[in-house]
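Contents: one structure, followed by commentary.
Indexing begins at 1, ligand by ligand and atom by atom, following the structure's order.
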Amino acid sequence: MPDRRCAACGKVSGKEEFIRIARTKDGAIRIDMTGKAPGRGAYLCRDSACIEKAVKKQSLNRSFHAAVPEEIYDGLGNLGI
Ligand SMILES: [Zn+2]
């Protein structure tokens with residue numbers, strides 16, 4: 001099982017430790033609560049500090065080499081973590 005890396009703090013761990021954000025082949029990005037959506041994934045710790053940092057720095061844009069829609073960042077902020 002490959003390790004995953006948090007897009008905010010760089011911590012490496014197993015995927016069960018992280019929230020997954022998925023980008024499908026057609027470029028649609030969504031928060032993947034199941035962890036099983038197809039496409040490329042980015043990961044964030046289930047930690048409010050990492051989520052806040054990712055939102056503030058828009059860290060996922062770098063992970064996906066794409067502009068992540070504002071509603072994804074809003075959604076992360078609204079997960080209640
Ligand atoms: Zn982190």
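- By the 6.0 Å contact criterion, CZ on Arg62 is open, its count of non-hydrogen atoms from other residues, nucleotides or ligands being 12 or less.
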**Test log, rule side-chain contact (heavy atoms from CB on, under 4.5 Å), inputs Asp47 and Ile81** = CA-CA 6 Å; Asp47 183 299; Ile81 293 170; 5.5 Å; no
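- Asp3 and Tyr43 share no side-chain donor-acceptor pair at under 3.5 Å.
- Excluding water, every protein N/O/S atom under 2.8 Å from the Zn ion (ligand 1) is given here by residue and atom: Cys6 SG, Cys9 SG, Cys45 SG, Cys50 SG.
- Clustering ILVMFWY residues whenever any of their side-chain heavy atoms sit less than 4.5 angstrom apart, transitively, puts Ile29 in the very cluster that holds Val55.
- Following chains of ILVMFWY side-chain contacts shorter than 4.5 Å, one can reach Leu79 starting from Val68, so the two form part of one hydrophobic cluster.
- For the salt bridge (Lys or Arg N to Asp or Glu O under 4.0 Å) criterion with Asp32, the lone passing option out of Arg20, Lys15, Arg40 is Arg20.
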